[in-house]
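This report concerns only the one structure given below.
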Amino acid sequence: VERALAPVGRVLPLITTAHAPSANCVLYWPEIYSNLPLTDLDRPLPVRYDMHEPKTFGNASSFDPQLFHSPDEYGAALLYGPDSGKYTPLEVARWLDQLAHDATTAITEARGLLGARAETAGFRRIEEDVLIQVGLARFFAAKFRAAVLWRVHMFSGNRDAGEGTIRHLTTARDAWAAMARRAAKVYREDITYGGSQTSGHWLDRLPLIEEELAQVRRRFEAGEYPADQLHEAPGERAVRDISNPPVRPSVTVTHTPPAQYQPGQPLHLSLSTAGVAVSRVRLHYRHVNHAVSWEQQDTTGADGRFMGTIPPAYTEGRFPLQYYFELFTADAGVTLHPLLAADLANTPYHVVRRAI
């Protein structure tokens, strides 16, 4: 049971990190999600998420846009570049699928070990909540893949991308329907949280998911994309990259963060790399203050040794500093240091406190 709860405990934090149509918890309720479609529907959405237009799934920002691509951003990057070390929706989808797999394996094993005791209320409560989050993970994993493919289709006309979109949307619909119908046997019909925008049941959300799938099918069959903006060759390459997502380059990085920084003094940062040859390293840094934007600079150096400096004017602030590195290779892609760990539970940047 513990091995089932550990992965599903990461599902909603990962979803809300990667997909943020609203910061208002009375509008955005990912536990019983009001579906944000890939394309504009023929009628207003029941929930008007307070995000930038167009209000589509692919255009929804991450809650950490510095480190996570939205589906539209990543689809555009696949077509036109530039390469980036940001985490992609395809990586998020793979993580969600793995979390769902690990949780399902563990809770199934638990049921088998319990035998007749698996029908007790105590275990059934845990089992059903695990399976609901497994369903959410599989739904969102398929939606992220569909959204990237739809972006590629709309700007390349590539039919494989359009067909892939429909295939993944169907997978998302099936995952949601199976989860919702099973949960209907356990949960009451109206699970209200916060107000009229956050009420109802998983089954209530299914018609909008079905409507989205039907609308995407219609637009695909009608060939509704801007023909004057089509980029066919990049579309073929993008579909290959989506079907077989590139693996991040395996770079061994040696870097020791400073214990503290002196206000008004430059903060020198060095790192060395081994394994895959790194051609360029970019330093990203900011104060640990969400009111300020990130700064960036290319480091100096070569042959596996690089140096960057946070300037003295920037170290005048009273906040700690946070930073990470973006590593570019000649032909193996781009990655980050530090990377998110396999359990997604580490801090994906370094923090240096101000000397007192």
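Sequential numbering from 1 along the given sequence is applied to the chain's residues.
Heavy-atom contacts from other residues, nucleotides or ligands closer than 6.0 Å to CZ of Arg48 number more than 12. Counted within 6.0 Å of CZ on Arg305, heavy atoms from surrounding residues, nucleotides or ligands total 12 or fewer; the atom is thus considered open. For Arg218, the CZ atom is densely surrounded, since the number of other residues' heavy atoms within 6.0 Å is greater than 12. Taking a 6.0 Å sphere around CG of Asp303, one finds it holds 12 or fewer heavy atoms contributed by other residues, nucleotides or ligands. Residue-environment remark: NE2 (His255) exceeds the threshold of 12 foreign heavy atoms within 6.0 Å. A 6.0 Å sphere centred on CD of Glu53 holds more than 12 heavy atoms belonging to other residues, nucleotides or ligands.
Formation of a donor-acceptor pair under 3.5 Å by the Arg151 side chain with backbone atoms of Ala147 is not found in this model. Between the side chain of Tyr87 and the main chain of Leu340, a donor-acceptor pair closer than 3.5 Å is present. Looking only at distances, a side-chain donor or acceptor of Asn59 sits under 3.5 Å from a matching main-chain atom of His52. In this structure a side-chain-to-backbone donor-acceptor pair under 3.5 Å is present from Arg182 to Leu131. Judged by distance alone, the side chain of Asn158 and the main-chain N or O of His153 form no donor-acceptor pair under 3.5 Å. Using a distance-only test at 3.5 Å, with no hydrogens or angles considered, a donor-acceptor pair links the side chain of Arg237 to the main chain of Leu78. Remark: side-chain polar atoms of Thr315 are paired, donor with acceptor, to backbone N or O of Pro312 under 3.5 angstrom. Under the 3.5 Å distance criterion, the side-chain polar atoms of Trp176 are left unmatched by any main-chain donor or acceptor of Leu203. Thr299 contributes a side-chain N or O that, together with a main-chain N or O of Val281, makes up a donor-acceptor pair within less than 3.5 Å.
Between Phe306 and Thr300, the closest side-chain pair of non-hydrogen atoms is not below 4.5 Å. Looking only at side-chain heavy atoms (C-beta outward), Leu271 and Thr254 stay at 4.5 Å or farther from each other. Here the side chains of Leu339 and Pro348 are not in contact, with every heavy-atom distance at 4.5 Å or above. Two residues are said to be in side-chain contact when any heavy atoms from C-beta on lie closer than 4.5 Å; Leu5 and Gln133 fail this criterion. Put simply, the side chain of Glu211 reaches to within 4.5 Å of the side chain of Leu41, judged on heavy atoms. Side-chain contact between Thr165 and Phe220 is absent, with no heavy-atom pair separated by less than 4.5 Å. Using a 4.5 Å heavy-atom cutoff, the side chains of Phe144 and Leu90 are not in contact. In this structure, the side chains of Trp202 and Ile132 come closer than 4.5 Å at one or more pairs of heavy atoms.
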* Quick one: do Leu344 and Leu14 satisfy side-chain contact (heavy atoms from CB on, under 4.5 Å)? Show the steps, please. => CA-CA 9 Å; Leu344 308 177; Leu14 180 56; 4.0 Å; yes

Derivation of the salt bridge (Lys or Arg N to Asp or Glu O under 4.0 Å) call for Asp40 and Arg219: CA-CA 10 Å; Asp40 292 331; Arg219 294 196 65 180; 5.8 Å; no

Exercise for the section: Please report the C-alpha distance between Arg111 and Glu119 in whole Å, then the side-chain angles of each, then the deciding distance to 0.1 Å, and finally whether the salt bridge (Lys or Arg N to Asp or Glu O under 4.0 Å) criterion is met. Expected result: CA-CA 9 Å; Arg111 170 171 274 280; Glu119 299 308 318; 2.6 Å; yes

ask   = Hey, mind stepping through Gln322 and Arg286 against side chain to side chain donor-acceptor pair (under 3.5 Å) and telling me if it holds?
value = CA-CA 6 Å; Gln322 62 183 128; Arg286 75 166 182 183; 3.0 Å; yes

Is there a side-chain contact (heavy atoms from CB on, under 4.5 Å) between Leu206 and Arg181? Walk through the geometry before answering.
CA-CA 10 Å; Leu206 192 53; Arg181 288 166 183 153; 3.7 Å; yes

*asked:* Between Ser84 and His69, is the side-chain contact (heavy atoms from CB on, under 4.5 Å) condition met? List the steps.
replied: CA-CA 9 Å; Ser84 164; His69 270 304; 3.8 Å; yes

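Taking 4.0 Å as the cut-off between side-chain N and carboxylate O, Arg124 and Asp129 do not count as a salt-bridged pair.
Between atom CZ of residue Arg280 and atom CD of residue Glu326 there is a gap of 7.5 Å, rounded to the nearest 0.5 Å. Rounded to the nearest 0.5 angstrom, Ser199 OG and Ile191 CD1 are separated by 10.0 Å. To the nearest 0.5 Å, atoms CE (Met307) and OG (Ser272) are separated by 11.0 Å. Between His201 atom NE2 and Arg188 atom CZ the span is 10.5 Å, to the nearest 0.5 Å. A distance of 11.5 Å separates CD in Gln215 from CG in Leu169, rounded to the nearest 0.5 Å. Separation of atoms NE2 (His287) and CD (Glu316) is listed at 9.0 Å; rounding is to 0.5 Å.
Among Lys86, Arg248, Arg145, the one residue that satisfies the salt bridge (charged side-chain N to carboxylate O under 4.0 Å, His left out) test with Glu91 is Arg248.
Asp72 and Ser70 share no donor-acceptor pair across their side chains, judged by distance under 3.5 Å alone. Using modelled atom types and a 3.5 Å distance limit, the side chains of Gln260 and Arg354 yield no donor-acceptor pair. If you check the side chains of Tyr74 and Asp241, you find no donor sitting under 3.5 Å from an acceptor. Using modelled atom types, one finds a donor on one side chain and an acceptor on the other under 3.5 Å when comparing His284 with Gln66. At a cut-off of 3.5 Å, with distance as the only test, a side-chain donor of Thr309 or His268 sits close to an acceptor on the other residue. Residues Asp64 and Thr17 have side chains that never bring a donor and an acceptor to within less than 3.5 angstrom of each other. If you check the side chains of Gln98 and Asp102, you find a donor sitting under 3.5 Å from an acceptor.
By the criterion of side-chain heavy atoms lying less than 4.5 angstrom apart, applied directly or through intervening Ile, Leu, Val, Met, Phe, Trp or Tyr residues, Phe57 is grouped together with Ile209 in one hydrophobic cluster. Each of Phe68 and Val334 belongs to its own hydrophobic cluster when Ile, Leu, Val, Met, Phe, Trp and Tyr are linked at side-chain heavy-atom distances under 4.5 angstrom. In the hydrophobic cluster analysis, where Ile, Leu, Val, Met, Phe, Trp and Tyr join through side-chain heavy atoms closer than 4.5 angstrom, Val292 is grouped apart from Tyr324. Leu267 and Trp294 are not part of a single hydrophobic cluster, where members link through side-chain heavy atoms under 4.5 Å apart. Cluster membership for Leu336 and Val92, using ILVMFWY side-chain heavy atoms within less than 4.5 angstrom, is shared.
The shortest heavy-atom contact between Ala137 and Ala100 is CB-CB, 4.1 Å. When all heavy atoms of Tyr49 and Ser22 are compared, the closest pair comes out as CD2-CB, 4.1 Å. The nearest pair of heavy atoms linking Phe319 to Val288 is CD2-O, 3.4 Å.
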Using residues 27-38 as the side-chain source, report each donor-acceptor pair under 3.5 Å to any protein atom, sequence neighbours left out, with the distance given to one decimal.
unit_1, atom_1, unit_2, atom_2, d
Tyr28, OH, His19, O, 2.7
Tyr33, OH, His19, NE2, 2.8
Tyr33, OH, Leu36, N, 3.3
Asn35, OD1, Lys143, NZ, 3.1
Asn35, ND2, Glu212, OE1, 2.9

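For Tyr314 and Tyr285, the gap between ring centers is short of 6.0 Å.
Between Tyr323 and Phe325, the ring planes lie perpendicular to each other; the angle is over 60°, past the 30° to 60° tilted range.
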